[in-house]
Amino acid sequence: VNVIGVLTSGGDAPGMNAAIRAVVRTALKEGIKVKGIRRGFLGLLEEDIYDMEYKSVSDIINRGGTILHTARCPEFVKPEVVEKAAQVCKKHGIEGLVVIGGDGSFRGAADLAKHGINTVGVPGTIDLDIACTDYTIGFDTAVNTAIQTVDKVRDTSTSHERCSIIEVMGRHAGFIALWCGIANGAEDILIPERYDYDEQHIIDKINRRRETGKKHYIIINAEGIGDSHAMAERIEKATGMETRATIIGHAQRGGSPTARDRVYAAAMGAKAVDLLRKGASNRVVAHVKGEFVDYDIAEALAMTKDINQYMYDLSKRL
Ligand code: ATP
C-alpha cells in the first residue's frame with residue numbers, strides 16, 4: 001500500500017489521539033502516505049481530507065478527544081452512500097483505511113471493505129463493550145475519571161450523612177460501573193447486564209445499615225439503569241435518608257489518557273498499519289489474553305461479551 005487513511009468515528013474516547021499518532025508515525029516510517037479524514041464517515045463523504053505528516057501528530061499523545069473530530073453518519077447504512085465513500089477513497093488514492101471507533105463504526109468499515117477499500121478497525125470506546133477484545137481504548141481513563149468523582153461525592157455524602165446515587169456511563173454495558181463500584185467500595189452497583197435488582201431490597205439494606213450507625217450509602221448506577229434522579233426521590237421517600245443523584249456524564253469521555261490507554265492505543269494503531277501493509281482487510285484489532293490479535297469484522301461483531309461473573313460476585317462480597 002502507498003496511501004492509507006485514518007478516521008475516528010462514533011463516540012470519542014481518551015487515547016484516540018495516541019492511536020492516530022501511532023497510525024501516522026508507523027505508516028510514514030514505512031514510506032506509506034497518510035490522509036487524515038476529519039469527522040468520521042461523514043467527513044469522508046464530504047472529502048474533509050488532509051495530508052498528515054510527522055508533525056501533524058506532535059503533542060497529541062497526552063490529549064483527550066480526537067484531533068480528527070468525530071461524527072455520526074446515519075446514512076452510512078445505505079449501500080449507495082458506502083459506494084460513494086469508496087469512490088472518494090479511490091479519488092484520493094486511499095487504498096487502506098484505519099477506522100478507530102466502536103461496533104457501529106466497524107459495520108461501516110466492513111461495508112467499505114466490500115467496495116474494495118481495505119479496512120481495519122481499532123477498538124476505541126470508553127464503554128469496553130466490544131465483544132472481540134478484552135480492552136478498548138478509553139476505558140481506563142473513563143474509569144479513573146469516574147472514581148475520582150465518586151471519591152469527592154463520598155466526602156460530601158459522609159459529611160451530610162446522605163445516600164448518593166452516582167450515575168456513570170454505559171447505556172448497555174456495566175463495565176465502568178462495575179470497576180468504579182469495586183474501586184470506590186460502593187454499597188450497590190446496578191448494571192444493565194444484571195438488570196434484576198429490587199429497589200425494595202436496596203431500601204431495606206439502607207435501613208438496616210443505618211441502624212448499625214452507617215452514615216452514608218453509595219450506589220453506582222450504569223446509565224442504562226434509568227432515571228437516577230427519580231430513583232433518588234423514591235429512595236429518600238422510602239428511607240427518610242436524604243438522597244441525591246450525581247450524573248458524571250461527558251466528563252468521563254475527556255481528559256488526558258492514562259498510561260494504559262496510551263500504550264494500548266499505540267500498540268493497536270501500529271498493528272492496524274501492519275495489517276494493512278500485509279494486504280489484510282475487513283479486520284479488527286483486539287487484545288485477547290494479553291496478546292494483540294485481529295479478527296474478521298463479521299466474526300468479531302457476532303461475538304458476545306458479558307461482564308466477568310467473578311468480578312460481579314466480588315463486588316457483592318466486599
Ligand atoms: P460508540 O458505541 O462508542 O459510540 P460506535 O462506532 O459504535 O461507537 P455508532 O454511532 O454506532 O458508534 O457508529 C458510528 C458510525 O458508524 C455511524 O454514524 C455510521 O456512520 C457508521 N455505522 C453504524 N452502523 C452502521 C451499519 N450498520 N452499517 C454501516 N455503517 C454503520
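Here the structure is a predicted model, which means the values were calculated and not measured. In listed order, ligands and their atoms are each counted from 1. Position 1 is the first residue of the sequence, and the numbers go up from there.
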- Query: When the ring planes of Tyr264 and Tyr135 are compared, do they come out parallel, tilted or perpendicular, using 30° and 60° as the limits?
  - Reply: tilted
- Item | Residue, atom name and distance, where the atom is the protein heavy atom closest to atom 15 (C) of ligand 1 | Ser9 OG, 3.4 Å
- Hey, is Phe41 touching ligand 1 through its side chain, its backbone, both or neither, going by heavy atoms under 4.0 Å? side chain
- Message: Among all the protein's non-hydrogen atoms, which is closest to atom 21 (C) of ligand 1, and how far away is it?
- Response: Gly104 O, 3.6 Å
- Query: Should the pair Lys305-Asp129 be classified as a salt bridge under the 4.0 Å nitrogen-to-oxygen rule?
  - Reply: no
- Message: Contact between Val81 and Leu45 at the side-chain level, heavy atoms closer than 4.5 Å - yes or no?
- Response: yes
- Query: Who's the nearest protein heavy-atom neighbour of atom 17 (C) of ligand 1, and how far?
  - Reply: Cys73 N, 3.8 Å
- Item | ligand 1 atoms in contact with Asp103 (distance to a heavy atom under 4.0 Å) | 7 (O)
- Item | Distance from atom 29 (C) of ligand 1 to nearest protein heavy atom, with residue and atom | Asp111 OD2, 3.2 Å
- Message: With respect to Ala71, determine whether any N or O atom, backbone or side chain, lies less than 3.5 Å from an N or O atom of ligand 1.
- Response: no
- Query: Does a side-chain N-to-carboxylate-O contact under 4.0 Å join Asp134 and Lys289?
  - Reply: no
- Test of proximity, Gly11 against ligand 1: N or O pairs below 3.5 Å: yes
- Message: Check this for me, if you would: do Asp51 and Lys35 make a salt bridge, where the nitrogen-to-carboxylate-oxygen distance has to be below 4.0 angstrom?
- Response: yes
- Message: Can you report which non-hydrogen protein atom sits closest to atom 9 (P) of ligand 1, along with the distance?
- Response: Arg72 NH1, 3.4 Å
- Task: Give a yes or no on whether a salt bridge exists between Arg234 and Glu236, defined as a side-chain N under 4.0 angstrom from a carboxylate O.
- Result: no
- Out of Ile297, Ile130, Thr125, which one pairs with Asp103 under the side chain to side chain contact (heavy atoms under 4.5 Å, CB included) rule? Ile130
- Note on the structure: re atom 6 (O) of ligand 1, the protein heavy-atom contact at minimum distance is Ser105 OG, 2.4 Å
- Kindly indicate whether atom 11 (O) of ligand 1 is approached by any protein heavy atom to under 4.0 angstrom. yes
- Heavy-atom nearest neighbour in the protein, as seen from atom 3 (O) of ligand 1, with distance rounded to 0.1 Å: Thr125 OG1, 3.3 Å
- Message: Consider salt bridge (Lys or Arg N to Asp or Glu O under 4.0 Å). Of Lys214, Arg210, Lys316, which one does Glu187 pass it with?
- Response: Lys214
- Ion pair present between Lys152 and Asp155, side-chain N to carboxylate O less than 4.0 angstrom? no
- Task: Between Ala109, Gly108, Gly102, flag the one that comes closest to atom 8 (O) of ligand 1 by a heavy atom.
- Result: Gly102
- Do any nitrogen or oxygen atoms of Arg107 come within less than 3.5 Å of a nitrogen or oxygen of ligand 1? no
